Protein chains: 2
Amino acid sequence: MVITQAIEDYLKTIYLLGQGGEVATSAIALKLKVSPPSVTGMVKKLAEMKLLRYTRYQGVELTPAGEKIALEVVRHHRLLELYLQEALGYPWDKVHEEAEKLEHVISEEFEDRIAEALGWPETDPHGHPIPTKDGVLPAVAVRELLAVETGQSATVRQVSDGDPGMLRYLASLGFFPGATVQVLEKAPFEGPLRVRVGEAEHAVGRELARHVLVSAATPAEV
Amino acid sequence: MVITQAIEDYLKTIYLLGQGGEVATSAIALKLKVSPPSVTGMVKKLAEMKLLRYTRYQGVELTPAGEKIALEVVRHHRLLELYLQEALGYPWDKVHEEAEKLEHVISEEFEDRIAEALGWPETDPHGHPIPTKDGVLPAVAVRELLAVETGQSATVRQVSDGDPGMLRYLASLGFFPGATVQVLEKAPFEGPLRVRVGEAEHAVGRELARHVLVSAATPAEV
DNA sequence: CTAATTTCTTAGGCCAGACTAAGTTCTTTT
DNA sequence: AAAAGAACTTAGTCTGGCCTAAGAAATTAG
Ligand SMILES: [Mn+2]
Ligand SMILES: [Mn+2]
Ligand SMILES: [Mn+2]
Ligand SMILES: [Mn+2]
C-alpha cells in the first residue's frame, strides 16, 4: 500500500474541501482538474485502502488515517510556502505553485529543518494555520469580509492563495493578514463594498470580499 | 513530447556514465535499478525523441538536446546538495538522497534563487563541479588517489557521493575536497594504501582509494 | 573456428492513473 | 407522481513505466 503523489493530492483536496463533512466527487474532480470518472475510480481505491469512506452517489469522507496523511501534506505545503517567502525571497503570489510540487517529495528531515529555521511558525504567508507535526490543525474563528456589517472593523486573517493575480491585487490594496479593515458601505444589488484599509479607501467586489477571511477587530497579538 | 521524471533520470544517468562515449544498456539498468528490458524500451523512446542515438546491441549516446536536459538536472542536483548543506545544515552524507528527489520538481526560479543565495557556487559538497546555467560543465583534471605514486602528495578534489556510509568514513579520515594527502606506502598484493592526511596517518583500501579523486598537490586556490 | 557464455532485445503482461461514451441514480420541476 | 435535468458511476481504452520469460546477437573460451 504505497502512498503515491496522486493519492496525496486526492487526500489533501478532500480534506480542504471537506473540513468535517461529505465531499462530492464532482467537487474533487473540479479542484484536481480531472474527469469525474477518474475521481470515482480513485475514490474506490482509497476506500479499499481505508483512507476514506465512500458510499456510491453520496460522496466521501476521510478516515482518521486519511486525514493524517492529508494533514502531513498540508503541513509540508504551508511550511514550504513560508520558507520560500522568508528564506528565498519569493513574492507571496508565487509560493503556492512551487510548494504544490515540493510538498510531495521533501523528507521528514527537510520538514523539520525548515520548521526550525522558521522558528516553528503557526501560519503560512496567506494566514492559513500550519498543522502541527502530530497532525492537529489549529482552529481559527474567521468569517468572510463580505459578512462584516457596515461600519464595523475587522482584522484580516486569511486570503485565498490559488490565484496569483488575485494575490497581487490584494497586496496592492493592503489586504495582508493582520491588516485592519473597516467596511464603510455595501452597495445594493450585489454591488461592491467600500472599505478602508489603513489610510486608503477601496471599492472591492463581493467575489473578492468572499476570499478575504477576517476576525473581530483589534488583533490579540501583534 | 513531455519530459517526465523517469526521462530525466535516464538522461542524467547516461550522461554521468558516458562522459563522451557509448553507454551500455546494462550499465544504465544497474545504476537505475531497473531491468535491462526496461532500459531497452525507454532508450528506444528517447531515440524517437532525438534525445540520444541508439544502435541495437551497441549502446547509447546523448544528442546535444539530451545532454542539455541531463546537465540541467545535474545542475539542480548539485546546487541542491550544496544548499541543503549550507542553508539547512544537512551533513554531507544526507544531501544526495534528498537532492535526488528535489532535482526533478524545482522551478527555474528556485534554481536561480538558491544559486544566488549560495553566491553562484562552482562545486557541490563532494567537490563535483556544478554545470553553468547555459549547460557547460567545467572540466577538471583529476585522477584516482590510487594512481598517486608512493611518496607523492596530492589535493583531494572529489569524493563519490552515492554511499552515505562511505562518506561518513571519508569524513572521519579527513578526506574533504581541498585536503592535502600524501601516499606513504602501497602494500603489495592489492593491499591498502598508507596515507597521511594532515597530522594523522590512515590505512585505506584500494576500493576506497578509487573513490577519491585528486589533483596535483598545492591547491591553486584556498 | 566452433561452442559456451554473456549481453541485449523481443514478446507479452501488469499496474497506476488518466480519458470518453454510455448508462444509473438522485434531485428538481411541473 | 411523472418527467426532465443534474450528478455520479460503469464500461471500455490509452499511455507511461515497469516486469519476467524466451530468443537473438555479440563476445569469450576451448
Ligand atoms: Mn498554497
Ligand atoms: Mn497558503
Ligand atoms: Mn549527489
Ligand atoms: Mn555531489
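Quantities reported herein were computed from a predicted structural model and do not represent experimental measurements. Scope of the values below: all heavy atoms of this structure, side chains included, with no hydrogens, waters or symmetry mates. Labels below follow one simple rule: chain letters A, B, ... track the order of the sequence lines, proteins then strands, and each chain is numbered from 1.
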Atom-pair distance ([atom1] on [X]; [atom2] on [N]), nearest Å:
X       : N      : atom1 : atom2 : result
B/Leu11 : D/dG17 : CG    : P     : 11 Å
A/Leu46 : C/dA16 : CG    : P     : 12 Å
B/Met49 : D/dG17 : CE    : C1'   : 13 Å
B/Met42 : D/dT15 : CE    : C1'   : 12 Å
B/Gln5  : C/dG17 : CD    : P     : 14 Å
A/Ile7  : C/dA18 : CD1   : C1'   : 14 Å
B/Glu8  : D/dG16 : CD    : C1'   : 15 Å
A/Lys33 : C/dC19 : NZ    : P     : 13 Å

Treating B/Glu98 as the side-chain partner and A/Ser107 as the backbone partner, does any N or O pair qualify as donor plus acceptor under 3.5 Å?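 Here the side-chain-to-backbone pair exists.
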
Looking at A/Ser26, is its backbone amide N or carbonyl O close enough to the side chain of A/Lys31 to form a donor-acceptor pair, meaning the two atoms are under 3.5 Å apart?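 Judged by distance alone, no pair lies under 3.5 Å.
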
Does OP1 or OP2 of D/dT15 have a side-chain N or O of B/Lys45 closer than 4.0 Å?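 Checking B/Lys45 against D/dT15: no side-chain N or O falls below 4.0 Å of OP1 or OP2.
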
Would you say C/dG17 has OP1 or OP2 under 4.0 Å from some side-chain N or O of A/Ser38?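 Checking C/dG17 against A/Ser38, no side-chain N or O comes under 4.0 Å of OP1 or OP2.
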
In this structure, are over 12 heavy atoms from other groups packed under 6.0 Å from A/Lys50 atom NZ?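 Count not over threshold, so no.
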
What's the separation between atom NE2 in A/His77 and atom CG in A/Leu80, rounded to the nearest 0.5 Å?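 Output value for this atom pair is 8.0 Å.
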
SB check A/Glu72 A/Lys133 (cutoff 4.0 Å):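 Salt bridge between A/Glu72 and A/Lys133, a charged N being under 4.0 Å from a carboxylate O: no.
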
Specify the closest pair of heavy atoms between B/Arg113 and A/Pro91, including all atoms of both residues, with the distance to one decimal.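 Distance-wise, the nearest heavy atoms are NH2-CD, 3.8 Å.
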
Do nucleotides 4-15 of chain C as a string where each nucleotide becomes B, S or -: B if the base has a protein heavy atom under 4.0 Å, S if just the sugar-phosphate does, - if no protein is that close. ----BBB-----

